[in-house]
Amino acid sequence: MTSVAQAQPNIALIKYWGKRDHVNNLPAVSSLSVTLESLWTRMSVEFRESGGPDTLQVNEADAPAMLKRVSHCLDLVAGKQRPGADVISESNFPIGAGLASSASAFAALVVAAERELGGVRGPLDLARLAGGSSGSAARSLFGGIVELTAGDKEINVETVCECADWPLEVIVAITAKDPKPVSSGEAMVRGENTSPFYSSWLLKQDDDLRTARRGVVDRDFAKLAAVAEHNCLKMHSVMWTSKPPIVYWNSATLSCLETVRALQSDGLPVFFTMDAGPQVKAVCLPEAAAAVASALENTPGVMGTMQSSLGPGARPVETE
Ligand code: PMV
């Protein structure tokens, strides 16, 4: 039997950057994100009767470089004594380019593997397992606006606002399609060890999260916008001041920020955020989406845009 699951990437508005426990991959800080709808990863998992090593195909090509992380994730779900697995992954957006493809991949993987095992673990348990492979993946088990609380021993994850209760739109401006030069995992360790800003990043995270949560509860877009941009720029400041520095931006990234600033000056409800890559994500209210998409589309260096509403958490896909 083969089990299939689908998950969407999520975009953090209050970022996860840094780990408190490297062995268990526990985040140093809590975070808040939006789960997308129209970008997706589908994972199919089949445990073989016979032994043999795991296999992985990503978008119809063998992917040996990613196999180790996938096998580790399957160990977390099924135990180390599990049989070998054949895993097939398919995404409808560029992977490894700062679009949170590892979040959707590992969220879909844990759901597919659990189904293949016939297990009954719910989203929180599966989020904790996905988080063992990619900290941000834990959030993609849930839909809408999602908060991840970082504890000393484990994380908690929950939806704090359903999609329908605040229908935000996200426009992604693609400014490069190459895989990122430094993985987020490696970049985080470097930041923890070398950035003089890392300690102050940790210190103010709970304040930022509280402000963002208030913005969500009150549907106060301006409040959420201000704290999300501030938090994103702080995370990038940690990256920039790591030794050696990590700068994921390119000139088109900066042009997109100028575009968003110009839209804001015109009174449009929109803000930017960026992750471990050069893509810019603009979050806006639905009435501004068409103008934001067209302005980003026409920004120098932008190769294309993708638009998404907020969507549900990872779930099994029924097959014949
Ligand atoms: O889950 P990881 O290890 O790929 O780290 C993701 C980190 C950021 O995307 C930059 C921020 C976040 O909270 O998603």
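Sequence positions, counted from 1, serve as the residue numbers for this chain. Ligands are counted one by one from 1 in listed order, and the atoms in each one are counted from 1 as well.
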Q) Using a 4.0 angstrom limit on heavy atoms, which residues are close to ligand 1? A)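 Around ligand 1, where the cutoff is 4.0 Å for heavy atoms, the contacting residues are Ala12, Lys15, Tyr16, Trp17, Ser102, Ser134, Gly135, Ser136, Arg139, Ser184, Met188, Met235, Asp275, Ala276.
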Q. Which pairs count as side chain to side chain donor-acceptor pair (under 3.5 Å) when at least one residue sits in residues 265-274, sequence neighbours excluded?
A.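 Checked against side chain to side chain donor-acceptor pair (under 3.5 Å) - neighbours excluded - the pairs reaching residues 265-274 are Lys15-Thr273.
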Q: Give the intermediate values and the outcome of side-chain hydrogen bond (donor to acceptor under 3.5 Å, both in side chains) for residues Arg42 and Asn92.
A: CA-CA 9 Å; Arg42 284 189 199 129; Asn92 71 342; over 6 Å; no
Q.
Just to verify, what does Asp86 make a salt bridge (Lys or Arg N to Asp or Glu O under 4.0 Å) with, not counting sequence neighbours?
A.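 Testing Asp86 for salt bridge (Lys or Arg N to Asp or Glu O under 4.0 Å), a comparison that skips the adjacent residues, returns Arg48.
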Q) Distance only, no hydrogens: is a donor on one side chain within 3.5 Å (strictly under) of an acceptor on the other, for Ser133 and Arg69? A)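 Note: Ser133 and Arg69 side chains miss the donor-acceptor criterion.
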(Q) Is there a side-chain contact between Leu141 and Val110 in this structure, where contact means two heavy atoms from C-beta onward sitting under 4.5 Å apart? (A)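 Yes, side chains in contact.
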What donor-acceptor contacts under 3.5 angstrom involve side-chain atoms of residues 59-67, with partners at least two apart or in another chain?
from: Asn59; atom 1: OD1; to: Ser91; atom 2: N; distance (Å): 2.9

